[in-house]
Student: 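Right, I'll just put the structure down here and ask away after.
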Amino acid sequence: MPKTLIIVLFFYAIFTQIQAQIPVEVFAGHQKTSLDIMFFKFFKNKEGTNTKFLFFNRNRASIDYRQTPTSYLPVFGFTEAISYNHPALKGFAPVVVAQLNNKNIFPKAGLQYFHRKNEFTFFSWVVCETLENPNIDIFVLTRFEPKLSETFNLFTQLELINAFPMESNEQYNFIQRVRVGLKMKEWQIGVGTDFNELGNATFVNSSNIGGFLRHEF
């Protein structure tokens with residue numbers, strides 16, 4: 001079976017069972033423009049209630065304004081994860097992750113923590129690649145959306161992505177993404193910034209400052 005068909009069937013099976021609202025973000029910065037689709041939802045059973053299986057989905061692509069035929073090329077990445085969330089574990093769960101980017105596919109496994117209460121969301125995992133010479137990834141996503149009025153909520157989001165190589169000569173990669181704005185029903189709009197540090201003994205730093213628009217379809 002062709003890989004493209006396998007991927008299409010996989011996404012069809014996922015989305016027909018989770019019945020999720022899908023938030024889409026467009027972020028226009030001074031260096032890049034990115035498209036980001038990210039959500040986490042529990043699978044539903046036949047009665048329409050949540051099961052113990054939580055699905056995390058992340059599809060992201062960015063275009064650099066400095067792009068040439070050989071450098072600053074578009075970047076894309078897909079992250080799909082499934083965790084088993086038993087109430088006795090108090091938010092902790094074993095998780096398996098598959099990541100696909102411009103270069104390769106990376107299977108990973110580890111421990112996840114998920115907590116949502118009222119306007120606050122905290123989602124995190126520590127996973128390790130199941131390949132030789134693996135990276136250890138620490139991912140954190142926090143979101144706070146307190147009510148400001150009958151119409152608006154504050155929208156704040158912090159995302160941390162940290163990759164620690166097991167080999168001493170490999171590169172570390174640290175990403176921080178911040179969003180601050182207003183939420184009105186299914187829409188969120190505001191300002192944000194993306195920071196990235198890549199290296200080992202010395203690091204190359206980059207940033208992308210701009211505005212975002214999100215909508216939950």
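These numbers come from the heavy atoms of this one structure, side chains and all, not from hydrogens, waters or symmetry mates. Model, not experiment: these values are computed from the prediction.
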Student: Quick one: do Asp36 and Arg179 make a salt bridge, cutoff under 4.0 Å?
Tutor: no

Student: Are more than 12 heavy atoms, taken from residues, nucleotides or ligands other than Phe76, located less than 6.0 Å from that residue's CZ atom?
Tutor: yes

Student: If we only count heavy atoms from C-beta on, is the Thr142 to Val140 side-chain gap below 4.5 Å?
Tutor: yes

Student: For Glu170, is there any backbone N or O sitting under 3.5 Å from a side-chain donor or acceptor partner on Asn200?
Tutor: yes

Student: Do the non-hydrogen side-chain atoms of Gln99 and Ile105 ever get within less than 4.5 Å of each other?
Tutor: no

Student: So do Thr121 and Phe144 actually touch side chain to side chain, heavy atoms under 4.5 Å?
Tutor: no

Student: Are any of the side-chain nitrogens in Lys183 or Glu186 under 4.0 Å away from the carboxylate oxygens of its partner?
Tutor: no

Student: Quick one: does any side-chain atom of Tyr65 pair with a main-chain N or O of Gly29 as donor and acceptor, under 3.5 Å?
Tutor: yes

Student: Quick one about Glu145 and Gln188 (side-chain donor to acceptor, distance below 3.5 Å, no hydrogens or angles considered), yes or no?
Tutor: no

Student: Indicate yes or no for a side-chain donor-acceptor contact from Asn208 to the backbone of Lys32 under 3.5 Å, with no hydrogens or angles considered.
Tutor: yes

Student: Short question: side chain of Ser207, backbone of Asp194 - any donor-acceptor pair under 3.5 Å?
Tutor: no

Student: Measure the acute angle between the ring planes of Phe217 and His215, then classify it against the limits of 30° and 60° as parallel, tilted or perpendicular.
Tutor: perpendicular

Student: Rounded to the nearest 0.5 Å, what separates atom OH in Tyr113 from atom OG in Ser124?
Tutor: 10.0 Å

Student: Count the heavy atoms belonging to other residues, nucleotides or ligands that lie under 6.0 Å from CD of Glu47, then report whether that count exceeds 12.
Tutor: yes

Student: Which word best sums up how the rings of Phe40 and Phe114 line up, parallel for under 30°, tilted for 30 to 60°, or perpendicular for over 60°?
Tutor: perpendicular

